[in-house]
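Convention: sequence-line order gives letters A, B, ...; per-chain numbering from 1. Heavy-atom basis, side chains included; hydrogens, waters and symmetry copies ignored.
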Amino acid sequence: MDKRSILAVALAGVAGILIGPVFAQEVKQEAKSISGKAKISSVSQDQLNKADTNANNFLLTNGNYAQTRFHPARQIGRNNVKNLHVAWIFQTEVKESLETSPIVINGIMYVTTSFSHVYALDAKTGAEIWHYKHKMGPVTTYCCGPNNRGVQVLGDLVYLATLDAKLVALNAKTGDVVWQSDIADPELGYSETMAPTVIKDKVLIGTNGGEYGIRGFLKAYDAKTGKLLWTFNTVPESSVGVWATKDATGRDMHRDIQVEKDQLAKTGDPYQKLGGGVWQNPAIDLATNRLYFVVGNPSPDLDGSNRPGDNLYTDSLVSIDLETGKYVCHLQYIAHDVWDLDAVSPPVLVDVKGKDGKIIPGVIHAGKTGHIYVHDRKDCSLIRFSQAMVPQENMWVLPTKEGARMLPGANGGVEWSPIATDPGQGLAYAINLHQPMTYHVENSPYPNGKLWLGGAFKVIPGEAQAGNITAVDYNTGKIKWQVKTPQPMIGGILATAGGLVFTGEGNGKFAAYDSSSGKELWNFRAGAGVNAPPSTYMVDGKQYVVVGAGGNTQVDFRRGNNIIAFSLN
Amino acid sequence: MSGKLSACIFGIVGFLIVLTITATSLSAQSIEEKTQVCAGCHGQNGKPVDKTIPVIWGQQQGYLYIQLRDFKRGDRKNDSMQPIVSSMERADMLAIAEYFSKKPWPDLGQPRAPKEVANRALRANASVGCTGCHLDQFQGDGTVPRLAGMSRDYMTKTISDFRSRARGNNPGMSDLMLATAPDDLAALTEYLAGL
């Protein structure tokens, strides 16, 4: 190009820039109906309240409001699970990380995919009824994959939270948008991958963003209108806490409290950009109207120098009131975390043995540390913690510039993967990762909504990785059985009244195990990573088990786009 | 400085001169006309005129928008880009970003990395987790850029700028680059350029 033409180009460019706003954002949604034959029925609050006893449906992301992931269907049992075969496979449009929890309502299944798509399917045949493809805004800022973990239905509305931080209500019959609300600004690092939880007149939603210097929250929206009802900030204005030097298990975390206090005097409480995402659904105690959820890591992940104090309520179990969003109690597992070994897997409400041996309402959570923590539901206090489910070494060595080796690696232990329980056996089932890592620290100022790790966690090349499925007696904290797997496990697990647990692996294996012994009874090779929580349900008297096989971004397991349902002959 | 690069800079200077003398509304301009100035450096056909200049054709809209925003804010420094974006509003940036994101990604004709280099790059990725954000096949999404097929020299320069923090608008990337061995980064650059 010669100089004259460059000048002409420049002139044209000026014309463009002086023109002002040149395009209006069009929010166009797409939903199409293909078969429309299956009858879509609405869901009442009463049905949701009793989801734990409903063998035909899988009504909530984790089975029921207590999040037990224990399903009463028992047609598929230990004696016949070997005859399980593929009933149907549905291929989604999106071949990318698949973390969806299928929910099923009277023969209709709702699944989601990466990039916030929703499908309504005939749960008996896998036929598509409608497909909602969210028109994503231009700015998305998210960690760990463009995932979506599911929807919830109440009445005639299907609720979805999207990667660009919007809450969307869809018409359950058509997939059309009924209302849409902005949850937070994606340009500041907020995004959504969790399924909403809907109860009564409220839609509850947390947020991702602990890797971007957000201020985390759990919000409640009006289920009919999308109007914000209340916000609970997961980081209070006074986030300093009690200067805890030990973690919840009593191990020294090597904090230099005086240095932190000096920093606090200099820069003040760091609450505004302290992270504290809520990645997974709250459990709800219907008797007390209280929510129980866990809060993720502080920002930046590995550098604690600019965030003095305990960084409340990061890395904590928190309970708040459903009606008001007001704080009730919390327990922090790791104060001033600099390893991203935070709290992500959804808590579960079960009755547990208290410290005095009496059965009391409890809440349990599986941590990235590899422990299952057992709490008193009344005041969040810790009753016990389990034996470590994964190797722990060198805890809590502080990250260094060169990298300090410590186990578990930053993915856990138990990542976001929901656990399952079998209250009859007093067992909790968790899937774990074992990824040896080095923890590196760097210091940098808040980057305006950009990635803010404060260092890096690196998988150590050449060191063996593995995973396991572990059954823990939550009344004693002892491991009852453990099945080792060749790769780290991420996705989720399901327990059934048929005496089974179902879970999948990154290599595509999906298997059923005896829930009492861990003996493998059946398996299937899906061809892509099975890194999503399974569900089960019944249609016309036949039980199905369904799971997504689409791999995983975070641990880089082979991608696919399959929703696979299994049944007996 | 290469001849093409000097021509690119000359074009920007010309653009700035025009910018200062043009005060009337130019609302009739199409997006193609508005983005003509970009071609001076980023290429008429999407192939940048200099190898240290990034490909913007087919790049992610969110990423392009954020870079324009950061040039304007001064969070990302570049003597050529900052004057160009100084008068842009958010809507301009989004529109320009969308325009280029819909263009086809150009084939720069860079060779595929030899097997041993590719293996080293993949090991480095498994350790640091590049695809955790840049996604499968390094295609990027949203505010995370596509790296597959990006100019090797641009990536080399960018990594160097991240490591020295000369590029300051993504300290998280600086942290990750500093935690990765230079030989691994060189392998990643060669591997990504050839995708």
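Put simply, of Val144(B), Leu64(B), Asn169(B), the one with the most heavy-atom pairs under 4.5 Å next to chain A is Asn169(B). Interface check for chain A: of the options Cys133(B), Gly142(B), Ser127(B), Gly62(B), the most heavy-atom pairs under 4.5 Å are formed by Ser127(B). Among Asp136(B), Ile66(B), Asp75(B), Val128(B), the residue making the largest number of heavy-atom pairs under 4.5 Å with chain A is Asp136(B). If you tally non-hydrogen atom pairs under 4.5 Å between each of Glu442(A), Glu187(A), Gln435(A), Glu211(A) and chain B, the highest count goes to Glu187(A). Between chain B and the options Asn552(A), Asn448(A), Ile460(A), the largest number of non-hydrogen pairs under 4.5 Å is found for Asn448(A). Residue with the most contacts toward chain B among Trp452(A), Tyr142(A), Tyr212(A): Tyr142(A) (heavy-atom pairs, distance under 4.5 Å).
Within a 6.0 Å sphere centred on NZ of Lys273(A), other residues, nucleotides and ligands contribute more than 12 heavy atoms. Around CZ of Arg112(B), the count of heavy atoms belonging to other residues, nucleotides or ligands within 6.0 Å does not exceed 12. Counting non-hydrogen atoms of neighbouring residues, nucleotides and ligands closer than 6.0 angstrom, the CD atom of Glu463(A) exceeds 12 such neighbours. Counting non-hydrogen atoms of other residues, nucleotides and ligands closer than 6.0 Å to NZ of Lys95(A) gives a total of 12 or fewer. Other residues, nucleotides and ligands contribute more than 12 heavy atoms inside 6.0 Å of the CZ atom of Arg405(A). No more than 12 heavy atoms of other residues, nucleotides or ligands shown are found within 6.0 angstrom of CZ on Arg152(B).
Between Leu451(A) atom CG and Leu176(B) atom CG the span is 6.0 Å, to the nearest 0.5 Å. Residue Gln554(A) holds its CD atom at 11.0 Å from OG1 of Thr131(B), rounded to the nearest 0.5 Å. In this structure, CG in Leu163(A) is found 6.5 Å from CG in Asp141(B), a value given to the nearest 0.5 Å. Going from atom CG of Leu453(A) over to atom CE of Met173(B) covers 10.5 Å, rounded to the nearest 0.5 Å.
Listed here is the closest heavy atom pair of Leu135(B) and Pro146(A): CD2-CD, 3.7 Å. Residues Ala456(A) and Asp175(B) share a closest heavy-atom pair of CB-O, 4.5 Å.
Heavy-atom distances place the backbone of Pro445(A), and not its side chain, under 4.5 Å from chain B. In this structure, chain A has heavy atoms under 4.5 Å from both the backbone and the side chain of Ala179(B). Contact annotation for Asn443(A): only backbone heavy atoms (N, CA, C, O) come within less than 4.5 Å of a heavy atom of chain B. For a residue to count as touching a neighbouring chain, one of its non-hydrogen atoms must lie under 4.5 Å from one of that chain's; by this rule Phe457(A) touches chain B with the backbone only. Only the side chain of Asn125(B) comes within contact range of chain A, with at least one heavy atom under 4.5 Å from a heavy atom of that chain.
In this structure a side-chain-to-backbone donor-acceptor pair under 3.5 Å is present from Thr143(B) to Thr140(A).
For the pairing with Pro138(A), the side chain to side chain contact (heavy atoms under 4.5 Å, CB included) check across Gln61(B), Gln60(B), Glu98(B), Met93(B) returns one residue only, Gln61(B).
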